[in-house]
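Every value quoted in this text rests on a predicted model; they were computed, and no experiment measured them.
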Amino acid sequence: MDTAHLAWAQAQLKTRELWLTQRKHCEYDLLLGIEQKLYGHLCYLQEAIAEPDLSDDENRALNLCIFAFRPDFREAPDHLAAQLLETGVELWLEDLQTAIDITGAQNWQPLLHTLIEQTDLTDPTHWWLKSRLHEVPPAVDSDASHVSWSQAIPGQIPCLVKNRAWKSDTLFDTWIPEARDSVQNDDRQEDLHWLALGLLATGKQPAAIDLIQRWITASPGSRYAWRTAAASGASEFIQPLQQAVLDEHIPPFWLVVHGDAAHLGFCIDLLAKPHTNPLAERAWYGFTGERLPRVPAITLGKKEKGDRLADANTARQWLDVNQPTGRLCLGHNHSDRPFRPQLGRFFGADTEPVTSAIWLDTRGSTLLSPTECHWQRAQRLQEARA
């Protein structure tokens with residue numbers, strides 16, 4: 001085997017991880033370039049490596065990707081499913097998620113279905129797998145009406161809501177009283193997020209806003225709470241979200257997901273400060289679609305010479321001239337909250353609310369992953385437009 005291809009694949013995998021999980025923000029064109037190089041090496045490695053080693057902790061995600069590139073991957077899931085179980089897949093679901101993201105969730109559907117049929121997996125793992133299916137088994141539908149908030153298995157409520165597996169939206173009403181008592185429970189943060197999204201998706205805006213307000217008051221450091229507030233688009237959260245940015249609970253880009261043009265003046269204030277300028281620049285572009293020119297950092301009060309930062313004065317002039325109102329994304333106005341495909345250009349850990357907002361914008365029909373591959377994102381957004 002040509003070890004150079006393995007080394008290059010490992011390097012591209014690390015570059016992808018650098019942008020998505022360490023720098024936490026990546027635009028579509030950059031991710032496309034990284035993944036096209038990675039795919040070229042995976043095409044070679046799937047022929048060169050006879051049996052990728054799933055016990056290799058360091059390269060497990062890469063080896064799973066090599067399996068996924070084999071021509072018979074979708075047609076013969078039983079053998080690989082047995083290997084995953086034998087090597088303890090429940091202990092490294094993050095590696096499996098990485099491989100799913102890189103090679104496309106649709107390619108993993110036969111294997112996921114095969115794994116779900118296994119009876120020796122824990123309940124949380126079953127719900128983790130079910131939440132990644134494109135077609136949820138009929139049994140999930142019948143489960144929804146019998147799920148109580150206090151007895152829900154970890155992962156169960158997110159899966160049910162993501163897949164709209166409820167027969168009546170009154171189910172959410174039965175969850176609310178106990179959910180209000182769970183806002184400080186770290187183990188229920190994802191459940192609260194999807195309950196609030198479910199309320200918003202079914203037109204129960206006042207109940208959702210009340211729950212979110214209680215939540216951010218009780219748990220001001222909860223990223224799930226602020227992610228939900230950002231995705232809601234509700235005007236009640238304009239000032240609280242800005243304060244959360246100042247308190248460094250969330251990055252400025254989350255204001256873009258919230259979408260209200262009232263955030264632009266706040267973004268300019270952040271652009272005017274050297275330590276918040278780089279992250280505010282991402283938010284400014286997300287709102288306006290305008291790339292700001294660079295000026296010497298010393299003009300913004302930074303003592304070190306040589307650095308160049310985005311020009312806050314240009315942003316201020318743009319706002320004076322344009323004075324946009326309503327919901328804004330890459331310069332497009334979306335006051336009545338239609339689908340905002342432009343948000344799909346952004347990937348990475350700091351774009352988590354994008355997936356929640358697009359789920360709401362499409363009434364639950366489109367569920368993205370912040371770290372999915374470029375072609376899957378493009379395909380899902382194209383399907384949502386249709």
Side-chain angles (χ1 to χ4, degrees), residues 18-20 22-31 33 223 226-227 229-231 233-335 337 340-354 357:
L18 171 68
W19 281 99
L20 295 180
Q22 295 179 40
R23 296 185 180 179
K24 301 181 181 181
H25 187 97
C26 182
E27 293 183 27
Y28 180 89
D29 293 340
L30 176 59
L31 185 62
R223 279 178 70 91
W226 293 115
R227 173 178 172 179
S235 60
E236 287 85 349
F237 300 119
I238 293 174
Q239 193 282 327
L241 283 164
Q242 292 178 6
Q243 186 60 48
V245 171
L246 294 176
D247 294 338
E248 299 184 353
H249 293 316
I250 61 173
F253 183 80
W254 287 25
L255 305 179
V256 177
V257 181
H258 185 254
D260 202 301
H263 293 302
L264 288 172
F266 178 74
C267 284
I268 291 174
D269 292 340
L270 297 178
L271 285 166
K273 301 172 184 176
H275 69 285
T276 53
N277 180 283
L279 292 180
E281 182 182 11
R282 295 176 180 175
W284 182 264
Y285 175 69
F287 273 118
T288 67
E290 299 288 326
R291 302 286 189 187
L292 294 171
R294 299 276 170 166
V295 295
I298 197 168
T299 64
L300 296 178
K302 191 171 184 180
K303 295 181 181 179
E304 294 87 350
K305 295 182 180 180
D307 291 340
R308 299 183 68 83
L309 298 173
D311 185 15
N313 286 328
T314 298
R316 192 173 290 110
Q317 292 166 8
W318 185 94
L319 183 58
D320 289 342
V321 170
N322 292 278
Q323 292 294 320
T325 59
R327 291 165 61 80
L328 201 64
C329 182
L330 285 174
H332 297 269
N333 191 289
H334 299 283
S335 296
R337 188 169 195 140
R340 293 175 291 167
Q342 297 91 349
L343 280 176
R345 285 192 56 81
F346 303 103
F347 298 75
D350 273 354
T351 68
E352 290 168 341
V354 167

Specify the closest pair of heavy atoms between [X] and [Y], including all atoms of both residues, with the distance to one decimal.
| X | Y | answer |
| --- | --- | --- |
| E352 | W254 | OE1-CZ2, 3.9 Å |
| H258 | A229 | CD2-O, 3.7 Å |
| V256 | A283 | CG2-O, 3.3 Å |
| D260 | F287 | O-CE2, 3.6 Å |
| A272 | R316 | CB-NH2, 4.5 Å |

- [ ] Answer with yes or no whether the side chains of N277 and E281 bring together a donor and an acceptor at under 3.5 Å.
- [x]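 Absent: no donor and acceptor within the cut-off.
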Ignoring hydrogens and angles, tell me if any N or O in the side chain of [X] forms a donor-acceptor pair with the backbone of [Y] under 3.5 Å.
| X | Y | value |
| --- | --- | --- |
| R327 | G259 | no |
| Q323 | L319 | yes |
| D311 | N313 | yes |
| R345 | E27 | no |

Open item on the list: Tell me if the centroids of the rings in F253 and H25 come within less than 6.0 Å of each other.
Closed with: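 Ring centroids of F253 and H25 are less than 6.0 Å from each other.
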Does the side chain of [Y] come within less than 4.5 Å of [X]'s, by heavy atoms?
| X | Y | result |
| --- | --- | --- |
| P296 | D307 | no |
| W19 | L31 | no |
| L330 | T288 | no |
| V245 | T276 | no |
| Q242 | I238 | yes |

Open item on the list: Does the structure place the NZ or CZ of R223 under 6.0 Å from the centre of the six-membered ring of W226, at an angle of no more than 45° from the ring's axis?
Closed with: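 Not flagged: R223 not positioned over aromatic ring of W226.
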Open item on the list: With a sphere of 6.0 Å drawn around CD of Q22, does it hold more than 12 non-hydrogen atoms of other residues, nucleotides or ligands?
Closed with: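 Above 12, so yes.
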- [ ] Look at the aromatic rings of W284 and W318 and report parallel, tilted or perpendicular, splitting at 30° and 60°.
- [x]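 Aromatic pair W284/W318 classed perpendicular.
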Open item on the list: Tell me whether the rings of Y285 and F346 are parallel (<30°), tilted (30 to 60°) or perpendicular (>60°).
Closed with: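 Perpendicular, since the angle between the ring planes exceeds 60°.
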TODO: May I ask you to say whether D350 pairs ionically with R23, meaning some side-chain N is under 4.0 Å from a carboxylate O?
DONE: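 Looking at R23 together with D350, the answer is no, because their closest N to O distance does not fall below 4.0 Å.
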